[in-house]
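To find a chain, count down the sequence lines: A is the first, B the second, and so on, and within it residues start at 1. In what follows, every heavy atom counts, from backbone to side chain, and hydrogens, waters and symmetry copies are set aside.
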Amino acid sequence: MTDRHPAPDSYDPQAVEAKWQARWAERRTNEADLAGADRPFYNLMMFPYPSAEGLHVGNMFAFTGSDTYGRFKRLQGHDVFEPIGFDAFGIHSENYAIKVGVHPAELIPQNIANFTRQLTRIGGMFAWDHVLSTTDPAYYKWTQWIFLQLLKAGKAYKKKAAVNWCPSCKTVLANEQVVDGHCERCGTAVEQRLLEQWFFRITEYAGRLLENLDDRSKMDWSDTTTTAQRNWIGRSEGAELDFALEGGGAIRVFTTRPDTVFGATFMVLAPEHPLVDRLTAPDRRAAVEAYRTAAAKQDLVSRKVADKEKTGVFTGGHATNPATGAPVPVWIADYVLMEYGTGAIMAVPGHDERDFEFAGRFGLPVVRVVAGEDEDAGTPLAEAFVDNVAGRLVNSGRFDGLPVTEAKRAIVAWLAERGTATPRVQYRLYDWTISRQRYWGPPIPVIYCDACGTVPVPEDQLPVLLPPIEDFRPDDTGVSPLARHGEWYYVPCPACGGPARRETDVSDTFLDSAWYYLRYPSTEFADRPFDRERTAKWCPVTMYIGGNEHAVLHLLYSRFIAMVLHDLGHVGFEEPFRRFRAHGLIVKDGAKMSKSRGNVVIPDEYIAKWGADTFRLYLMFLGPFQEGGDFRDEGISGPRRFLDKVWALVDQCERTTLMGSELHKSVVVKWHQTKRKVTEAMEALSYNTAIAAQMELLNTVRESNCCERHLVKEMVVMLAPFAPHFAEECWERLGHETSVFDAAWPSWDPALTVEDRIEIVVQVNGKTRSKVEVARGAGEEAVLEAALADETTLRFTGGREIRKRIYVPGRLVNLVVG
RNA sequence: ACCCGAGUGGCGGAAUGGCAGACGCAGCGGACUCAAAAUCCGCAGCCGUGAGAACGGCGUGAGGGUUCGACUCCCUCCUCGGGUACCA
């Protein structure tokens, strides 16, 4: 950063910014008329987790990009509502609080105050009247209410599920706290433990969540995000097949490759599979039990590591292959997961890599049932042949010769007739576990009564307040610290008045953030989560911007909750975010910012040095918003010089008559072209090119040395989304008493975006050789004639025969010579 | 391993089938200045020919293809970033 010494009447960002921030607050410029707006536009940015470190430059980039869009929409005449809030519950806050030994309820307000200061300083158009924090009882009361609606509707249920358990710290760990199968803090090997936990039935909605992704009338999202969601939901089409057991019953498997059933030479069950006991032969019992115990102890993360060596044991039992009628041995192995499909697979080692590896390890037979184009049935397999598009069946009885795709249908139909197959769609998505055995979250509003069982807390008793306990650390009981707080924990049953206990788990932070956009427009209503009319007016969110790290969980959970609320009649839409765009990431001098590298950029010092407007302009200029870019200290002086030049132009407007001078046609054309280009670029979030276009216009004006007031005014308006304080000040200096944000976005005249005479590029054999100037409306004949007569062109055509002439209207001529 | 994104001057980046390098940073030359900073004017992809205005060739990670024409579309490969992870 180099020092600059401003001349007395030059642009002083600190003074300008302080002035306008005060004025915006006083005039309430940034608040939308929520009840009366004519053209509501809900411009939402993912709310931040208020960390102790404050907002870093990457956050500022994202917030500025969202704010720039909101301000642009406002200038286009929309009533823009741009709220902000804080996602302050969760394990991040809790762990940090434990680390520094200060209660999160004390830390969070300090952090929020700091975030508020930063977000105000950068000049965000935030509707502070509607600020919210998820830790506020007035907010989480309704988070609990949403839980109860799902419970009532049968969309919430309780079941035992595995958690990561550190036997040394005696506490439940989140997946992120497990590093290489060991506890992040003490290094002890992590085990799994089964706990009763609450789940939401998101899998019931898998199909709809998937279908809506393709419905443009409901959602316009960036492709990368919809693709990530599609993959996460993971739809697979296949069939369930039954492998009969001696003495009745069957092992049911799910497969996407029913065409390979003739090659199923063994079966594998998940160690937890309920049929394991029945199948295990007496002499195998010891080995099977040992394997099951070992599998049960493993932590949740390493259980699912793909490249580890295959393990498993034979149960001693057999089942019957429904296609061949042959008995196949049944094994158990931890590579088969109880949570997916039926918890059992038919193993086809010839055509599945995992099964191939397993068969090789344990000496099980490999049979080829699919062959590629030029292969014959006898070719031995050196590796699994997994191509499921090309290839024909072999060693599959009457199905030999059928292409794979056809064989899938034919075999399922054949087995279905005999009652051993059912077509089936399977999703990878699993139900959402919302229980957290922690302190810092909204208590799940449920009471357990010995007489009545599980009783929901009556809605009129919400919120269930999180008690302000001193010791909020997890302890060796494995249940939430809340269980230690007797007068909170023991309550009379709301149904029978008898002795009862509260649920001590709190809910996942993702539940807090799954509905916050519904709360913003209704923050002043204490008696309802979201007002019906307000919601109808403002929701779904018109434009949502956020990081792609939330492409899956947050966005999917929000969609699910909206869908449930829709089905229960609480909201009129299924999809909460009409438009979503992911912002890119900022790196510093080519490397990712991180504390360990010591290259984290703190925005405050840059803002103090250059002002918020220059900083904003630089952030939006350094790269495409949706891709991010490289933050370099040297780069920031360019945008500042640009503002200085605009300032000087406004200055000239104020005190000279030169401003009346007639514009050259070329300046008029550039002006109108710029208005079009900037408008289109803003809409596409291509802020860097929008700014470049404005710089070009300024350069043209300066070079031509002619200008007029109207042009300068429009320049200021186009600059306003990026440099709001600067634009306000210029607007005032240009003689306006109202906010620049109440001005209209400039429009352009398409006829004036084209010069009277245009340049046509002349290529010979595809290489640019010359240019000719023609009148704007010149026809093909005239242009070709001019091109052929051009001296430079003639040097390259050299009298040779012209075999082909290509004419692109208004742009180019290509002459192909022999 | 799979899925997604990206690879363009010294640097950030622009152009998504039609003049590659807009705009900006850094750099170089000049003006102003006692001098420096700031500001203003100009130069600027690489290689070659030329004293020179100029002229020619090459050039968007690598190789192939489609096309009158490819940074842009297709195939194969390499590198980097992000996501997912034994999903049957």
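Contact annotation for A:E634: backbone-only contact, meaning every heavy-atom pair under 4.0 Å involves sugar-phosphate atoms and none involves a base. Residue A:Y618 is classed as having no contact, given no heavy-atom separation below 4.0 Å to the nucleic acid. Residue-level contact check: A:D355 touches neither bases nor backbone, having no heavy atom under 4.0 Å from any strand. If you check every strand for non-hydrogen atoms under 4.0 Å, A:R354 touches a base. Within 4.0 Å (heavy atoms only), A:R702 reaches sugar-phosphate atoms of the nucleic acid but no base atom.
Across the interface with RNA chain B, nearest-nucleotide mapping of A:T255 and A:T227 shows A:T227 to be the residue nearer the 5′ end. Of the two residues contacting RNA chain B, namely A:K767 and A:G638, the nearest-nucleotide position lying further toward the 5' end is that of A:G638.
Residue A:I806 contributes atom CD1, which lies 14 Å from atom P of B:C19 at whole-angstrom precision. Atom C1' of nucleotide B:G24 and atom OH of A:Y687 are separated by 19 Å, given to the nearest angstrom. Residue A:Q673 contributes atom CD, which lies 15 Å from atom C1' of B:C23 at whole-angstrom precision. Counting to the nearest Å, the C1' atom of B:A1 and the CD atom of A:E353 are 8 Å from each other. Whole-Å rounding puts the A:K645 NZ to B:C23 P distance at 11 Å. Taking atom CD of residue A:E339 and atom P of nucleotide B:A88, one finds them 14 Å apart after rounding to whole Å. Distance CG (A:L815) to P (B:G18): 19 Å, rounded to an integer number of Å.
Classified by interplanar angle (parallel below 30°, tilted 30° to 60°, perpendicular above 60°), the ring pair A:F358/A:F362 is tilted.
The C1' atoms of B:G63 and B:U79 are separated by 15 Å, rounded to the nearest whole Å. Taking atom P in both B:C28 and B:C19, one finds a spacing of 33 Å when rounded to whole Å. Taking atom P in both B:A62 and B:U67, one finds a spacing of 23 Å when rounded to whole Å. Using atom C1' as the reference point in both B:G5 and B:U16, the two lie 15 Å apart (nearest Å). Comparing the C1' positions of B:G83 and B:G57 gives a spacing of 45 Å, expressed to the nearest Å. Distance check on atom P: B:A6 versus B:C87 gives 27 Å, rounded to whole Å. Spacing of C1' atoms, B:U60 relative to B:U72, comes out at 10 Å, to the nearest Å. To the nearest whole angstrom, the two C1' atoms, one in B:A20 and one in B:A44, are 16 Å apart.
Listed nucleotides B:A22, B:C4, B:C87 differ in distance to A:A692; the shortest reach to its side chain belongs to B:A22. The side chain of A:E759 approaches B:C19 more closely than any other nucleotide in the set B:A88, B:C68, B:C19. Comparing B:A14, B:C87, B:G18 by their nearest atom to the side chain of A:Y340 picks out B:C87. Counting only heavy atoms from C-beta on, A:T224 has its side chain closest to B:C4 among B:C4, B:C87, B:C3. Considering only the side chain of A:V808, B:G18 comes nearest among B:C23, B:C58, B:G18. With B:A88, B:G24, B:U84 as the choices, the nucleotide that has an atom nearest any side-chain atom of A:V336 turns out to be B:A88. Residue A:W232 places its side chain closer to B:U84 than to any other of B:U84, B:C11, B:G24. Of all nucleotides listed (B:C11, B:G24, B:C19), B:C19 comes nearest to the side chain of A:V761. Comparing B:A14, B:G18, B:C25 by their closest approach to the side chain of A:P624 singles out B:A14. Of the candidates B:A15, B:A20, B:C68, B:C68 carries the atom nearest the A:V816 side chain, counting heavy atoms from C-beta on.
If you check the side chains of A:T614 and A:Y606, you find no donor sitting under 3.5 Å from an acceptor. A side-chain donor from one of A:T689 and A:S686 sits under 3.5 Å from a side-chain acceptor of the other. A:T203 and A:D431 share a side-chain donor-acceptor pair at under 3.5 Å. Using modelled atom types and a 3.5 Å distance limit, the side chains of A:Q229 and A:R559 yield a donor-acceptor pair. Using a 3.5 Å distance cut-off with no hydrogens or angles, the side chains of A:D613 and A:Y618 do not pair a donor with an acceptor.
Side-chain N/O atoms of A:K804 include none lying less than 4.0 angstrom from OP1 or OP2 on B:U67. Residue A:R641 places at least one side-chain N or O under 4.0 Å from the OP1 or OP2 atom of B:C25. When the side-chain nitrogen and oxygen atoms of A:S637 are compared with OP1 and OP2 of B:G24, none of them lie within a distance under 4.0 Å. Neither OP1 nor OP2 of B:C55 sits under 4.0 Å from any side-chain N or O of A:R795. In terms of phosphate contacts, A:R769 brings no side-chain nitrogen or oxygen within less than 4.0 Å of OP1 or OP2 of B:G56. For A:N765 and B:G69, the shortest distance from a side-chain N or O to OP1 or OP2 is not below 4.0 Å. Contact annotation: A:N814 side-chain N/O to B:U67 OP1/OP2 distance is not under 4.0 Å.
Glycosidic conformation at B:G64 (O4'-C1'-N9-C4 for purines, O4'-C1'-N1-C2 for pyrimidines): anti, more than 90° from 0.
In this structure, A:K297 places its NZ atom where only 12 or fewer heavy-atom neighbours from other residues, nucleotides or ligands lie under 6.0 Å away.
When all heavy atoms are compared, the tightest approach of A:L685 to A:I545 is CD1-CD1, 4.3 Å.
For A:E549 against B:G82, a side-chain-to-base donor-acceptor contact under 3.5 Å is absent. Residue side chain A:K771 reaches the base of B:C19 through a donor-acceptor N/O pair under 3.5 Å, judged by distance alone.
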> Going through the distances and angles, do A:E237 and A:K408 end up as a salt bridge (charged side-chain N to carboxylate O under 4.0 Å, His left out)?
Replying inline: CA-CA 11 Å; A:E237 246 173 79; A:K408 283 182 183 170; over 6 Å; no

